[in-house]
Each structure stands twice: as structure tokens, then as C-alpha cells.
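These notes are about the structure you will find just below.
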Amino acid sequence: MKKIIALLIAAMFVLTGFAALAENGTLTMCTNAAFPPYEFYDEDGNATGIDVEIAKAIGAKLGYDVEIVDIEFAQCIPGVQSGKYDFAAAGMTVTEERQQMVQFTDTYATGIQVIIAPEDAAFESLDDIVDANGSVKVGVQMGTTGDLYTTWDYEDEGKGTVDRYANGAAAVQALLAGKVDCVVIDNEPAKNFVAQNEGLKILDTAYTVEDYAMAFAKDSAIYDDFNAALNELIADGTVQAIIDKFIPAE
Ligand code: GLN
């Protein structure tokens with residue numbers, strides 16, 4: 001009898017696609033590793049950052065290794081939904097639209113959408129550019145909230161165009177080349193891009209404030225344990241210590 005029950009349970013795991021996860025003890029995390037300090041490559045070519053370290057700490061607590069898979073941000077939600085990856089940790093903002101597609105953990109960090117502009121720019125907001133030029137050309141990373149919000153507020157309103165790039169670095173290159181007036185992106189990556197490239201600044205006007213969370217398929221078997229472990233690491237200060245390591249106090 002015990003054997004039959006064990007077989008039935010094994011069959012259930014196979015059917016739900018969690019056999020690999022349960023057997024080899026590895027969770028696959030998808031991300032876009034061009035989003036410092038949340039995910040990026042260190043000097044040795046290893047993926048690191050706030051999301052990577054928090055995910056690994058949760059994995060360690062639950063007895064799993066975490067394998068990082070670097071893909072385009074816009075592919076993270078479809079990849080999680082289809083069961084290709086166990087979860088996404090990508091500085092991902094919780095939005096109502098995304099909640100229709102995936103389930104989010106509790107929030108572990110906050111992001112702000114900010115505007116990067118040329119250092120000598122006279123404007124302080126996207127509306128200033130519209131007022132001065134009649135329209136604005138915004139660069140964004142495809143599929144991000146920066147993309148969504150500027151599309152709604154400017155492109156859909158006939159006040160400008162949104163150029164969508166595969167990652168934030170490519171959007172910043174377009175700004176440096178004068179192809180767009182500004183880039184709308186999350187504040188911490190923005191600080192990194194401005195520090196790495198001459199001639200750019202972050203405007204004082206923030207665009208929106210957002211909550212970051214990790215995303216799981218709605219039928220994920222590991223979600224409850226993962227979220228519980230995340231909350232323990234928030235409560236015992238581990239998450240804050242990881243954030244402080246990558247975002248030094250100003
Ligand atoms: N926070 C933004 C979003 O969720 C950008 C995330 C990212 O580019 N990795 O859309």
C-alpha cells in the first residue's frame with residue numbers, strides 16, 4: 001500500500017511538473033542580469049545582486065540550490081507562467097495586470113521610476129519636454145513599468161513616442177546617442193548607469209513609487225514555503241543586510 005501511495009505521489013509530481021525540482025534540489029530563477037544592484041555580473045562573471053542573494057538565502061533555508069537563468073525581462077512572466085522557471089526575481093514591480101498572470105511573494109524592496117536625462121538638460125519632467133517640443137521621445141526597457149506608464153501617459157495620449165529596448169543599458173546608450181530625450185527606469189539601476197556614463201543626470205522629479213516582489217506560477221507547489229522563508233529572512237534582518245551591502249547609505 002505504502003508503495004502505491006508513494007508511486008501516486010511521484011506521479012502527481014511528474015504531472016504537475018515539479019519532479020525535477022523535488023529530485024535534484026535546484027530551483028531555477030529567471031531574471032534579467034543587467035539591472036544593478038538587483039542583478040548583474042560581478043568581475044568573475046557570476047550573477048550577483050540583491051535579488052540573487054535573497055533568493056539564494058531563501059533556497060538555502062529550504063534546502064535548494066538556486067540556478068540563475070538570464071533572459072529578457074519581458075520573458076520572465078511568460079517563463080514562470082509556463083513552468084519553465086520556478087520563479088522570477090528581477091526587481092519586479094507588483095502590478096494588478098501581473099497579478100492576473102502570476103502570484104507575488106510579499107514585498108522585499110521599493111523602487112522608484114526616475115527620469116535619466118542629459119546633464120545639461122533644462123527640463124525637470126516629461127511634461128516640460130512636451131511643453132517645450134510639442135512631444136517627448138522616451139527610452140525604456142521593454143515590458144517594464146517604465147514602459148507601461150509612459151506608454152499610457154504619453155504615447156497613448158498622443159504626447160510622444162516610447163522606444164523600447166531589450167535592457168536598460170541599451171536604453172541608456174540610445175540616450176547617449178541622442179536618439180531619445182530621456183530614459184524612464186528604476187532609481188537604483190539609474191544611479192548605476194549615471195555613475196558609469198559621463199554626461200547624464202537623474203531628474204529630481206520621481207515618476208512613481210513601486211513595490212518589488214518575486215513572481216511564481218499560480219499553481220506553484222513551492223510558493224508557500226518560499227514566501228514563509230522570505231518573511232523569516234525579512235524578520236531576522238537578513239534581507240535588509242543584503243540590501244545594505246549593495247546599496248550603501250548615502
Ligand atoms: N521594476 C520594473 C518592472 O517591474 C523594472 C524591472 C526590471 O527592469 N528588471 O517593470
Side-chain angles (χ1 to χ4, degrees), residues 29-40 47-58 73-74 76-77 80 87-117 124-126 138 140-153 167-169 171-172 182-196 201-216 223 226-250:
M29 160 182 148
C30 64
T31 193
N32 176 246
F35 200 70
Y38 293 94
E39 37 271 333
F40 58 98
T48 184
I50 294 170
D51 288 335
V52 175
E53 288 214 357
I54 294 176
K56 285 191 170 165
I58 294 170
F73 180 78
C76 286
I77 287 190
V80 164
F87 66 100
M92 191 180 283
T93 304
V94 179
T95 69
E96 277 180 27
E97 291 75 15
R98 291 174 182 165
Q99 278 171 325
Q100 310 294 316
M101 300 181 268
V102 290
Q103 55 181 338
F104 283 105
T105 60
D106 290 304
T107 297
Y108 59 90
T110 316
I112 305 171
Q113 294 297 309
V114 297
I115 304 163
I116 307 179
E124 275 307 327
S125 68
L126 299 185
V138 190
V140 297
Q141 179 180 3
M142 187 163 55
T144 59
T145 47
D147 178 1
L148 287 179
Y149 300 149
T150 55
T151 300
W152 291 336
D153 294 348
N167 56 55
V172 169
C182 59
V183 167
V184 173
I185 196 163
D186 304 49
N187 57 330
E188 290 301 333
K191 281 189 214 161
N192 276 268
F193 291 133
V194 169
Q196 285 159 17
K201 67 177 177 185
I202 297 174
L203 301 187
D204 284 335
T205 322
Y207 200 67
T208 52
V209 180
E210 317 181 318
D211 289 329
Y212 288 170
M214 302 191 188
F216 285 74
Y223 171 84
F226 193 99
N227 197 38
L230 168 63
N231 275 302
E232 283 171 36
L233 293 176
I234 291 172
D236 74 8
T238 304
V239 165
Q240 193 56 50
I242 293 171
I243 292 173
D244 291 346
K245 186 168 123 188
F246 287 98
I247 306 178
E250 277 160 18

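Quantities reported herein were computed from a predicted structural model and do not represent experimental measurements.
One distance of note links CD1 of Ile115 with CG of Leu203; it measures 5.0 Å at 0.5 Å rounding. Rounded to the nearest 0.5 Å, atoms CD (Gln113) and OG1 (Thr144) are 6.5 Å apart. Between the CD1 atom in Ile50 and the NZ atom in Lys245 there is a gap of 10.0 Å [rounded to 0.5 Å]. Note that CG of Asn192 is 11.0 Å distant from CZ of Phe246, once rounded to the nearest 0.5 Å. From Ile234, atom CD1 reaches atom OG1 of Thr105 across 7.5 Å, with rounding to the nearest 0.5 Å. Interatomic distance, Gln99 CD to Gln103 CD, rounded to the nearest 0.5 Å: 10.5 Å.
With hydrogens and angles left out, the side-chain atoms of Tyr212 and Asp186 include a donor and acceptor closer than 3.5 Å. With no hydrogens or angles considered, a side-chain donor-acceptor pair links Gln240 and Asp244 at under 3.5 Å. Side-chain contact annotation: Asn32 with Asn167, donor-acceptor N/O pair under 3.5 Å absent. The closest side-chain donor-acceptor pair between Thr31 and Glu39 falls under 3.5 angstrom. Checked by atom type, the side-chain pair Thr110/Glu210 shows no donor-acceptor distance below 3.5 Å.
Closest approach of Ile58 and Ala229 over heavy atoms only: CG2-CB, 3.8 Å. Nearest heavy-atom pair across Cys76 and Ala90 is SG-CB, 4.5 Å. Taking both residues in full, the closest heavy atoms of Met29 and Ala55 are given as SD-CB, 3.6 Å, listed atom of the first, atom of the second, then distance. Shortest non-hydrogen contact noted between Glu97 and Met101 is O-CE, 3.5 Å.
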Side chain to side chain contact (heavy atoms under 4.5 Å, CB included) for Met92 and Met214? Distances and angles first, verdict last. CA-CA 7 Å; Met92 191 180 283; Met214 302 191 188; over 6 Å; no

For the pair Phe104 and Val102, evaluate side chain to side chain contact (heavy atoms under 4.5 Å, CB included) and give the outcome as yes or no after the intermediate values. CA-CA 7 Å; Phe104 283 105; Val102 290; 4.0 Å; yes

Val140/Thr150 under side chain to side chain contact (heavy atoms under 4.5 Å, CB included): CA gap, chis, key distance, verdict: CA-CA 9 Å; Val140 297; Thr150 55; 3.7 Å; yes

What's the verdict on side chain to side chain contact (heavy atoms under 4.5 Å, CB included) for Val80 and Cys30, showing C-alpha distance, side-chain angles and the deciding distance? CA-CA 8 Å; Val80 164; Cys30 64; 4.0 Å; yes

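In this structure, Lys56 does not pair ionically with Glu53, as no charged nitrogen and carboxylate oxygen lie closer than 4.0 Å.
Remark: side-chain polar atoms of Asn187 are not paired, donor with acceptor, to backbone N or O of Val114 under 3.5 angstrom. Side-chain atoms of Thr107 never come within 3.5 Å of backbone atoms of Ala213 as a donor-acceptor pair (strictly under, hydrogens ignored). With Arg98 contributing its side chain and Ile77 its backbone, the two residues share no donor-acceptor pair below 3.5 Å.
Applying the salt bridge (charged side-chain N to carboxylate O under 4.0 Å, His left out) rule to Glu232 yields the partners Lys61; only residues at least two apart in sequence or on another chain are considered. Remark: Phe87 pairs with Phe216, Phe226 by the ring-ring contact (aromatic ring centres under 6.0 Å, His included) rule, at least two apart or across chains.
Atom CG of Asp204 is surrounded by 12 or fewer heavy atoms from other residues, nucleotides or ligands within 6.0 Å.
The side chain to side chain contact (heavy atoms under 4.5 Å, CB included) with Tyr38 is formed by just one residue from the set Ile54, Thr48, Val52, Ile247; it is Ile247. Applying the side chain to side chain contact (heavy atoms under 4.5 Å, CB included) test between Val184 and each of Ile116, Leu126, Asp147, Thr145 identifies Leu126 as the sole match.
Side-chain contact between Val239 and Leu230 is present, with heavy atoms from C-beta onward closer than 4.5 Å. Inter-residue side-chain proximity for Asp106 and Asn231 is flagged as met; some heavy-atom pair is nearer than 4.5 Å.
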